[in-house]
Amino acid sequence: MGNIETPIAYRKTCGPARECDAALTERYLEHTLIGDADADAVVQELTESGAEDVHHVIQAALESQNESDGKALALLKQYPVLEAFRDRLEEAPEWLDHATFRPGIRLFSRKSRYILAAILSASLVENFSTNISKSFFITGRLRDQGVRRLKQNIHHIIRIFMPGGLMPGQDGWLLSVRARLVHARVRRLLRSSDEWDADMWGMPLSAAHMGFALSVFSARLLQHLECFGVRVTEEERESFVAVWRYTGFLMGIPEAMLPRNATEALELHGIAALCEPAPDIEAIAMANSVINGSPLIIGKTEVQARRQFAGFAYKLSRALIGDRLADSLCFPKTRTYGVLAQFRLQDRCADAMLKIHPKWYSRSKFPYFTHRLDTAMFENAGITYRLPNHLHSEQSEQW
């Protein structure tokens with residue numbers, strides 16, 4: 001593929017990536033122009049339906065496993081594209097083996113507090129450092145109801161790592177497909193908007209960016225976990241990536257952008273990071289909104305406590321993502337020596353104090369990161385099958 005087709009934003013940055021791996025670079029650039037044809041067709045079919053009708057018809061498609069549910073099946077028959085989409089989802093890929101998910105699920109269960117801390121302080125930040133930030137910035141998904149949106153994303157991750165969560169009809173499976181349809185609706189809204197420059201940026205919420213996100217939340221996240229001192233076995237590593245691979249399949253990521261193992265995921269992450277332009281105003285705004293919103297996500301609402309927590313989150317993020325990326329995102333200049341050791345010590349101290357003096361712990365203003373990241377906090381994130389019906393989140397009906 002030549003430069004004529006490559007989005008303008010990538011033409012000056014992809015040279016070093018080509019020197020490292022020309023084939024993977026071309027594959028990544030090609031997928032900056034690709035969306036999700038199947039999900040985009042479903043959204044097209046649902047265009048004229050109201051938010052509540054959309055909720056009910058998608059619910060009928062995804063949750064009506066009982067053939068005797070005549071009302072749901074009759075409703076679904078009115079939407080043949082959605083019905084065919086549902087049927088394709090239930091055709092498992094040849095490589096799928098749910099048994100391989102077990103070590104990764106056990107790792108998530110055992111180290112969920114560390115994993116969720118890494119997601120907030122590093123994974124989301126790295127994801128928003130790319131041009132995917134433009135889609136979120138234009139729509140205002142973190143400007144309006146930002147905490148709720150982040151909780152929805154974390155809820156989704158928690159559910160895919162529940163035992164059996166990725167079986168058809170279970171929460172992780174349903175939320176993955178739901179996220180796919182949300183992306184398709186947002187993609188449609190952006191493509192029809194004067195605010196999206198396709199020649200410059202390519203396809204909104206492209207398959208390339210979805211593949212990069214998959215690498216960030218799988219193998220790259222495990223690197224952050226090891227920075228916290230967590231030991232990850234090779235079996236756990238490959239299993240963790242396998243969970244994300246099937247999740248990516250459900251979310252409509254093409255096979256070419258679905259890493260088969262941890263090594264491929266890290267290779268994709270490295271090439272994508274080289275291809276992506278330097279963070280600009282949208283990436284800076286989105287990355288900083290994640291850090292500044294993290295206190296609210298874990299329930300810290302008092303102003304001084306929020307500032308203290310966000311300050312520590314900035315330090316932790318810089319220690320994980322590195323000075324170069326942190327500086328490009330305009331993060332505060334701070335020393336990170338000993339920050340990860342401090343994090344580990346805080347966690348151990350919090351464990352001890354919670355057992356010895358729980359009342360003191362609940363009143364403490366010390367910026368404990370992991371102990372407030374209880375998975376139960378994300379259970380009621382308010383997720384439905386409604387889809388956004390306006391480009392700008394603040395003007396859209398609740399979804």
Student check: side-chain heavy atoms of V54 and L181 closer than 4.5 Å: no
Rounded distance [0.5 Å steps], CG in L316 versus OG1 in T334: 10.0 Å
Non-hydrogen atoms of A319 and T336 that approach each other most closely: N-CG2, 3.7 Å
Residues which pass side-chain hydrogen bond (donor to acceptor under 3.5 Å, both in side chains) with R237, listed by chain and number, not counting sequence neighbours: E226
Listed partners of S49 passing side-chain hydrogen bond (donor to acceptor under 3.5 Å, both in side chains), at least two apart: Y79
L205/M210 under side chain to side chain contact (heavy atoms under 4.5 Å, CB included): CA gap, chis, key distance, verdict: CA-CA 7 Å; L205 297 171; M210 293 297 103; 4.1 Å; yes
D21: partners by salt bridge (Lys or Arg N to Asp or Glu O under 4.0 Å), with sequence neighbours left out: none
ring-ring contact (aromatic ring centres under 6.0 Å, His included) involving F228 - partner list, sequence neighbours excluded: Y114, F343
Side chain T139, main chain S135, donor-acceptor under 3.5 Å: yes
Separation between CZ of F312 and OG of S121, rounded to the nearest 0.5 Å: 9.0 Å
Between CZ on residue F217 and CD1 on residue I160, distance to nearest 0.5 Å: 10.0 Å
Please report, to 0.1 Å, the donor-acceptor pairs under 3.5 Å made by any side chain of residues 265-278, with sequence neighbours excluded.
unit_1, atom_1, unit_2, atom_2, d
E276, OE1, Y10, OH, 3.4
E276, OE1, N131, N, 2.9
E276, OE1, H209, NE2, 3.4
E276, OE2, Y10, OH, 3.1
E276, OE2, Y28, OH, 2.7
E276, OE2, H209, NE2, 2.9

side-chain hydrogen bond (donor to acceptor under 3.5 Å, both in side chains) involving E235 - partner list, sequence neighbours excluded: none
Per-pair distances, 0.1 Å, donor-acceptor, side chain in residues 92-99, under 3.5 Å, sequence neighbours excluded:
unit_1, atom_1, unit_2, atom_2, d
W95, NE1, E255, OE2, 2.9
D97, OD1, A99, N, 3.1

From CA spacing to verdict: side chain to side chain contact (heavy atoms under 4.5 Å, CB included), V241, E264: CA-CA 10 Å; V241 172; E264 287 191 2; over 6 Å; no
Where L33 and P7 come nearest, the two heavy atoms and their spacing: CD2-CG, 3.8 Å
Beyond-backbone contact of L166 with T247, side-chain heavy atoms, under 4.5 angstrom: yes
Residues that K12 engages under side-chain contact (heavy atoms from CB on, under 4.5 Å), provided they are two or more places apart: none
Check: P168 and L89 side chains under 4.5 Å, non-hydrogen atoms: no
OG-CD1 distance between S328 and I284, expressed to the nearest 0.5 angstrom: 7.0 Å
Centroid-centroid under 6.0 Å between F128 and F137 rings: no
Partners meeting side-chain hydrogen bond (donor to acceptor under 3.5 Å, both in side chains) with T233 (sequence neighbours left out): E236
Pairs meeting criterion salt bridge (charged side-chain N to carboxylate O under 4.0 Å, His left out) with involvement of residues 32-53, two or more places apart: D36-R180, D38-R88, D40-R187, E52-R386
Of all pairs that satisfy salt bridge (charged side-chain N to carboxylate O under 4.0 Å, His left out), the ones with a partner from residues 323-334, not counting sequence neighbours: R318-D323, R318-D327, D327-K333
R191: salt bridge (Lys or Arg N to Asp or Glu O under 4.0 Å) partners, not counting sequence neighbours: none
